[in-house]
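Scroll down for the structure; my scribbles are underneath it.
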Amino acid sequence: MPVESIFPRLEALLPKVQKPIQYVGGELNSTVKDWDSADVRWALMYPDAYEVGLPNQGVAILYEILNELPGTLAERTYAVWPDLEALMRAEGVPQFTVDAHRPVRAFDVFGVSFSTELGYTNLLTALDLAGIPLRAADRGEDDPIVLAGGHAAFNPEPVADFLDAAVLGDGEQIAIAISEVVREWKAEGRPGGRDELLMRLAESGGVYVPKFYDVDYHPDGRIKRVAPNRPDVPWRVHKHTVMDLDEWPYPKKPLVPLAETVHERFSVEIFRGCTRGCRFCQAGMITRPVRERSITTIGAMVENGIKESGFNEVGLLSLSSADHSEIGDVAKGLADRYEGTNTSLSLPSTRVDAFNIDLANEFSRNGRRSGLTFAPEGGSERMRKVINKMVTEEDLIRTVTTAYSQGWRQVKLYFMCGLPTETDEDVLGIADLAKKVIKAGREATGSRDIRCTVSIGGFVPKPHTPFQWAGQADHETVDRRLKALRDALRGDKEYGRAIGYRYHDGKPSIVEGLLSRGDRRVGAVIRAVWEDGGRFDGWSEHFSYERWMAAAERCGVDVGWYTTREREENEVLPWDHLDAGLDREWLWQDWQDAVSGGEVEDCRWTPCYDCGVCPTMGTEIQIGPTGRKLLPLTVV
Ligand code: SF4
């Protein structure tokens with residue numbers, strides 16, 4: 001049975017909302033397949049506004065891979081802004097996909113990609129607008145399987161009540177495998193209903209189905225144990241790792257947005273994973289090991305992506321792009337190839353060394369010289385040791401001196417506040433560092449036209465990192481340190497005017513901390529916030545700390561217990577049954593080393609130090625060099 005488009009009903013509402021174009025679809029390279037040509041249908045959601053969601057690589061890659069599968073279709077849906085939400089409620093218009101404006105409830109799988117926990121309330125809005133019961137336990141045979149992925153899915157417990165399933169790690173292969181399980185189950189006439197479908201997914205070991213696990217608690221509130229409540233369900237669910245990225249050169253047909261979005265460029269992921277061992281970095285820990293794309297695949301993807309999209313900017317993405325074993329050749333090859341064209345190249349540069357400036361020089365051959373960004377993360381040498389970010393003050397000063405003397409005028413430095421063991425002096429060290437940067441720049445150039453922007457984010461301890469046991473700094477402490485830093489920067493007559501300062505207050509980090517390390521009991525708070533009007537919590541203009549605190553109090557949830565409390569080694573953590581491959585003992589030892597000043601090297605260039613990932617997951621570090629070079633484009 002064809003499913004009708006809701007567009008005629010939506011169209012009548014669009015003149016009354018802001019940025020209506022974000023809801024109309026029809027982007028270049030979007031796909032609309034015939035409904036009846038497919039027997040497995042996915043609605044893919046990025047739970048934020050279109051302008052943030054459309055450039056998301058994870059959703060874009062799955063969208064393409066699933067649509068390439070015969071008998072499978074995938075469409076996209078995004079969070080609607082509150083103005084449209086109100087009209088949709090008034091007129092009974094359901095959550096829709098932007099591709100064919102089909103109602104989300106008509107799909108078999110509703111896949112949601114969470115990069116951040118602050119998108120949880122937007123999931124509830126989408127479910128409610130779609131007419132899908134919020135609680136997985138209340139869903140019936142006609143409701144889609146609600147499946148979460150993305151980094152936040154490594155601890156999906158706070159949203160466990162609202163999810164049917166979650167997948168950890170790389171999505172390419174598991175999305176295809178899930179499609180096959182759904183296809184077979186439907187072809188057999190849906191035996192056993194959605195319960196059996198979920199059981200088949202859970203038995204595979206690659207899909208976490210929260211309802212098949214019971215959580216018991218100690219009287220003091222700590223978790224006693226998490227155990228499967230069915231015999232064939234594994235005790236631990238493992239993450240997925242794609243081992244040969246060259247075999248998955250997606251996106252091949254990049255989506256070109258109609259409305260304005262946060263990034264308008266073609267992005268190529270040049271490697272996945274990071275083994276630098278920064279202790280605060282969840283992305284680095286959960287995506288191990290490093291797997292590089294070869295220089296030739298990168299070159300082919302760039303050429304094809306530009307041709308298919310018409311974008312004139314290419315971004316080379318990864319967690320630390322300058323670490324690709326052939327990045328020098330990639331940069332030079334692409335800069336040579338596109339010299340004199342209107343294609344510009346960008347590389348998010350965060351590593352603090354002169355090599356990064358050589359790369360930036362290559363990349364700016366054909367475009368603007370925007371600012372350079374470096375991320376020392378910690379304001380003092382001591383702090384950087386604790387977080388295992390091995391950057392000395394001399395490294396930083398040498399690097400920025402090179403940048404300024406080669407003509408760069410603006411350098412951005414990124415730091416965090418609220419790190420474990422941090423003192424007021426560590427944060428004030430950021431001011432000293434920034435002043436030294438300006439002083440070095442002035443000396444190197446003989447000019448006062450030098451700027452440095454200090455940007456500070458609040459630290460949130462994350463699951464599957466050595467800091468998963470740490471007590472988070474309370475927001476009063478973070479705010480006090482940030483204010484003292486601001487005063488130290490602004491009050492400096494010699495350098496203050498050359499230093500920009502960007503920071504947010506510490507309150508959103510506390511809510512993020514609650515959601516990151518929360519357990520199933522936090523779900524009630526998310527629901528209460530949503531019922532109280534909570535939407536778009538990642539946006540400062542929508543976020544309300546007071547709303548979250550009031551909801552937590554109503555639900556009897558002690559926010560401090562989840563955030564500022566330090567955990568002991570043997571405490572069962574809500575995500576211990578979800579396996580990112582990292583050995584728990586290694587993580588604990590690394591947490592102890594952090595406090596005592598021990599450092600770890602990058603296992604790409606030093607012997608394996610047994611973090612556990614490779615043997616557990618059957619993976620290995622996969623890096624070049626291949627020794628190949630990029631050829632110039634052939635003129636046809
Ligand atoms: S198991 Fe060894 S080689 Fe693999 S990521 Fe961990 S430390 Fe590196």
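In this chain, numbering begins with 1 at the start of the sequence shown. Values reported hereafter were calculated over all heavy atoms of this structure, with side chains retained and with hydrogens, waters and symmetry mates removed. Indexing begins at 1, ligand by ligand and atom by atom, following the structure's order.
- Residue pairs that meet the ring pair (Phe, Tyr, Trp, His ring centres under 6.0 Å) test with at least one member in residues 592-612, sequence neighbours left out, are W586-Y609.
- Here P420 pairs with F459, F467, A470, W591 under the side-chain contact (heavy atoms from CB on, under 4.5 Å) rule; sequence neighbours left out.
- Listed by chain and residue number, the protein N/O/S atoms under 2.8 Å of atom 8 (Fe) of ligand 1 are C603 SG, with waters left out.
- With sequence neighbours left out, the side-chain contact (heavy atoms from CB on, under 4.5 Å) criterion links A177 to I174.
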- Item | Stepwise salt bridge (Lys or Arg N to Asp or Glu O under 4.0 Å) test for R398 and D395 | CA-CA 5 Å; R398 196 179 323 116; D395 290 336; 3.8 Å; yes

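- Between the N155 side chain and the G518 main chain, a donor and an acceptor come within less than 3.5 Å of each other.
- Under the 30°/60° scheme for interplanar angles, the aromatic rings of F114 and Y120 are found to stand perpendicular.
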